[in-house]
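Worksheet for the structure shown next.
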Amino acid sequence: MDPTLTLIGAMMLVISIVLSPLSSRLGMPVLLIFLAVGMIMGEDGPGGIEFDNFQLAFVVANLALGVILLDGGMRTRAQTFRVGLRPALVLATAGVFMTALGAALVAWWVFDLSWLTALLIGAIISSTDAAAVFSLLQGRGLHLNERVSATLEIESGSNDPMAIFLTLMLVSLIDNPGDGAFWSALTILVKQFGIGGIAGIAGGFAVVHLVNRIRLTPSLYPLLVAAAGIAVFSATNALGGSGFLAIYLTGVVMGNRPVRMMPMILQVHDGLAWLAQLCLFLILGLLVTPSELLPLAGSGLVLALALIFVIRPVTVFATLWPFGFKRRELGFIGWVGLRGAVPIVLALFPVIAGLPEAQLVFHAAFFIVLVSLVVQGTTMAPLARRLRLEVPAGEEPYRRLPLDAPAAGEHELMLFPLRGKNWQTPRRLGQLRFPEGATLAGVFRDRRCLAPKRDLEVASGDVIALFAPPAALPELGQALSGRQAPEYLAERAFFGDFVLNGDALLGDVEQVYGIEFDALSPDITLAECFSISTKGHPVVGDTVTLGPVTLVARATDADRVTKVGLRMDGSQNG
């Protein structure tokens, strides 16, 4: 092996990682930086590397997407499926089809192509990208309300089979036109969804069983999960199913079952997902020739802007309006139709098949991804905050260490650093209230470990160590949070000064606070108010405005609001 090639590859990774902090300063997606480094090192840039191995790029891209989807699946909570599954699946099927048709119409007009080739471009750019969505939602520190985040995550993780079906069908029709092409493609669709779904769920339970049954060195568990996930991905592809859907569902099953050493697995897989994204976008950046993008810049920009400002929003409003979304939620989901690596990978199909317009299709897809990352990726976080779609979030532990001892059960050692204005004034440990099952292990200060006595005062700069089960994490995060949140996300500003039980009657609230609610019966509960407002799927942060009072969902259990904040104003109504 030529050492020069490995040196260049390593330096590209180093440069990309070193430049990644620029993304937060400039407000651009970090994936765009990786893509730009690949393009700069390519044949049109200073690097001058000539790379046109589409087969190798296709293999690397598929493996990288598999790793990214596995990590994203393991971080998807099953609870999110109650509010996000149905709308996400409609958006991932009918929505993809509508997007492909709309994009094809514009592509036919601006590129002056045949209908089939225009439809092929529409199909390739029709799906949102899981890598881009997961990266931006997690990397920007956005804590969106569950209805929006669940819909975006599930849609981006499950819409690939429909896009693959449309792409393969059109490649087949262009390459071998005939009466049997459509039925062949329809069979592919059924196999993609059916085999992919079954293999993913079965594979997930098999991996969980394997990890929990075998005793290994702790550092080997993340590698076992990665290897098993890729095995499910590859086997599903070999059977004709969607490996992307299968590995995502494998991750979802794992993330919602008790799995040995899960915090360590997630920590390592976070690094693996970043490495996969780096390699994926670097190699795709190398593959493109920027000079070939210039001739289609005008037409490509028209198509990209039509997709962003017209096709995606219309598709979202047309498919999601029956599911109880608020207007601002629909507006945000319509905006976050991020295109990333998946359209570029799908654009490799016509190149590998040797279709006449393959290079145009590939460069058009690449250009649209660039515009999407620049326009939508840079504005996603500011728009979410402007639309008030964030909800208060607790502190995350600095470190979680599984104990991996039968007697300890699910307990972990969690380290919480105390920071922010909440901890400027010292407080005694005896004044702190922790959830059931959480026990103080110690306090770290100035490189010393202090015994957790009730009269010990703790303040900003200290680190609290606790033994607690994962279920206690949200409540612990709230109790120990000191983050500098925007003013509207402060607890009292967001939820109000009063906390009520969800089963309190509206009539009781009228009597206690001297407010009359003429629109609703006094015999219904506050939880039922939210159920009516959200069509049965309330989430934390939902509001119901009744005259001068705003009720805010503070805590939920399944589809029922258990805690309600009462705010004496009508703001933040959606």
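Within the 3.5 Å criterion, the main-chain N or O of Leu245 finds a donor-acceptor partner in the side chain of Ser242. Proximity of a side-chain donor or acceptor of Asn237 to a complementary backbone N or O of Gly243 within less than 3.5 Å is detected. A donor-acceptor pair under 3.5 Å is formed between the side chain of Asn212 and the backbone N or O of Arg260. Side-chain atoms of Asn256 come within 3.5 Å of backbone N or O of Thr76 as a donor-acceptor pair. Formation of a donor-acceptor pair under 3.5 Å by the Ser172 side chain with backbone atoms of Leu168 is not found in this model.
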I would like to know whether Met414 and Arg399 meet side chain to side chain contact (heavy atoms under 4.5 Å, CB included); could you show each step before the answer? CA-CA 6 Å; Met414 301 181 183; Arg399 192 75 79 227; over 6 Å; no
Any chance you could lay out the side chain to side chain contact (heavy atoms under 4.5 Å, CB included) test for Leu303 and Ile125, step after step, and finish with the verdict? CA-CA 10 Å; Leu303 175 55; Ile125 63 174; 4.1 Å; yes
Evaluate the side chain to side chain contact (heavy atoms under 4.5 Å, CB included) criterion for residues Tyr221 and Met262: first the C-alpha distance (whole Å), next the side-chain angles of each, then the deciding distance (0.1 Å), finally the verdict. CA-CA 9 Å; Tyr221 284 102; Met262 194 61 177; over 6 Å; no
Given side-chain hydrogen bond (donor to acceptor under 3.5 Å, both in side chains), test Glu390 with Asn145 step by step and report yes or no. CA-CA 6 Å; Glu390 286 185 288; Asn145 83 46; over 6 Å; no
Can you list the steps and then say if Leu70 with His269 is a side chain to side chain contact (heavy atoms under 4.5 Å, CB included)? CA-CA 9 Å; Leu70 178 62; His269 274 257; 3.7 Å; yes
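Residues Pro290 and Met39 share a closest heavy-atom pair of CG-CE, 3.9 Å. Of all heavy-atom pairs between Gly377 and Leu338, the closest is N-CD2, 3.7 Å. Between Pro258 and Val208 the shortest heavy-atom distance is O-CG1, 4.0 Å. Here the closest heavy-atom approach between residue Thr250 and residue Gly200 is recorded as OG1-O, 3.1 Å. Heavy-atom minimum distance, Phe332 versus Met380: CE1-O, 3.4 Å. Across every non-hydrogen atom of Trp108 and Ser114, the tightest pair is CD1-C, 4.4 Å.
Atom CG in Leu170 sits 7.0 Å away from atom OG1 in Thr167 (nearest 0.5 Å). Rounding to the nearest 0.5 Å gives a distance of 9.0 Å between OG1 of Thr315 and CG of Leu101. Rounded to the nearest 0.5 angstrom, Leu401 CG and Leu415 CG are separated by 6.0 Å. Atom OG of Ser156 and atom CZ of Phe244 lie 13.0 Å apart (nearest 0.5 Å). The line from CE of Met254 to CG of Leu249 is 13.5 Å long, rounded to the nearest 0.5 Å. The distance from atom OG of Ser149 to atom CG of Leu389, rounded to the nearest 0.5 Å, is 10.0 Å.
You'll find the side chain of Pro263 reaches within 4.5 Å of the side chain of Glu412, heavy atoms only. Glu43 places none of its side-chain heavy atoms less than 4.5 Å from the side chain of Leu286. Between Arg75 and Asp270 the shortest side-chain heavy-atom distance falls below 4.5 Å. In this structure, the side chains of Val110 and Leu296 stay at 4.5 Å or more apart for every pair of heavy atoms. Using a 4.5 Å cut-off on side-chain heavy atoms (C-beta onward), Met74 and Ile265 make contact. Using a 4.5 Å heavy-atom cutoff, the side chains of Met41 and Leu282 are not in contact. Residues Phe34 and Ile17 form no side-chain contact, since every pair of their non-hydrogen atoms from C-beta on lies 4.5 Å or further apart. Counting only heavy atoms from C-beta outward, the side chains of Pro218 and Met264 approach each other to under 4.5 Å.
Ser234 is linked by a side chain to side chain donor-acceptor pair (under 3.5 Å) to nothing, counting only residues two or more places apart in sequence or in another chain. By the salt bridge (charged side-chain N to carboxylate O under 4.0 Å, His left out) test, Arg312 is found to be paired with Glu155, residues two or more places apart in sequence or in another chain being considered. For Ile195, the side-chain contact (heavy atoms from CB on, under 4.5 Å) partners at least two apart in sequence or on another chain are Lys191, Thr236, Leu239.
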Which side-chain N or O atoms in residues 347-375 pair as donor and acceptor under 3.5 Å with protein atoms at least two apart or in another chain?
{"residue": "His363", "atom": "ND1", "partner": "Gln359", "partner atom": "O", "Å": "2.9"}
{"residue": "His363", "atom": "NE2", "partner": "Glu292", "partner atom": "OE1", "Å": "3.3"}
{"residue": "Ser372", "atom": "OG", "partner": "Arg339", "partner atom": "N", "Å": "3.0"}
{"residue": "Ser372", "atom": "OG", "partner": "Gln376", "partner atom": "OE1", "Å": "2.5"}

Quiz: residues 45-69 side-chain donor-acceptor pairs under 3.5 angstrom, not counting sequence neighbours:
{"residue": "Asn53", "atom": "OD1", "partner": "Gln55", "partner atom": "N", "Å": "3.4"}
{"residue": "Asn53", "atom": "OD1", "partner": "Leu56", "partner atom": "N", "Å": "3.0"}
{"residue": "Asn62", "atom": "ND2", "partner": "Phe58", "partner atom": "O", "Å": "2.7"}

Could you list the donor-acceptor pairs under 3.5 angstrom formed by side chains in residues 82-100, with sequence neighbours left out?
{"residue": "Arg82", "atom": "NE", "partner": "Ala558", "partner atom": "O", "Å": "3.0"}
{"residue": "Arg82", "atom": "NH1", "partner": "Pro538", "partner atom": "O", "Å": "3.2"}
{"residue": "Arg82", "atom": "NH1", "partner": "Ala558", "partner atom": "O", "Å": "2.8"}
{"residue": "Arg82", "atom": "NH1", "partner": "Asp559", "partner atom": "OD1", "Å": "2.6"}
{"residue": "Arg82", "atom": "NH2", "partner": "Glu146", "partner atom": "OE1", "Å": "3.3"}
{"residue": "Arg82", "atom": "NH2", "partner": "Pro538", "partner atom": "O", "Å": "3.2"}
{"residue": "Arg82", "atom": "NH2", "partner": "Ala558", "partner atom": "O", "Å": "3.2"}
{"residue": "Arg86", "atom": "NH2", "partner": "His537", "partner atom": "NE2", "Å": "3.2"}
{"residue": "Thr93", "atom": "OG1", "partner": "Leu89", "partner atom": "O", "Å": "2.7"}
{"residue": "Thr93", "atom": "OG1", "partner": "Val90", "partner atom": "O", "Å": "3.4"}
{"residue": "Thr99", "atom": "OG1", "partner": "Gly95", "partner atom": "O", "Å": "2.8"}

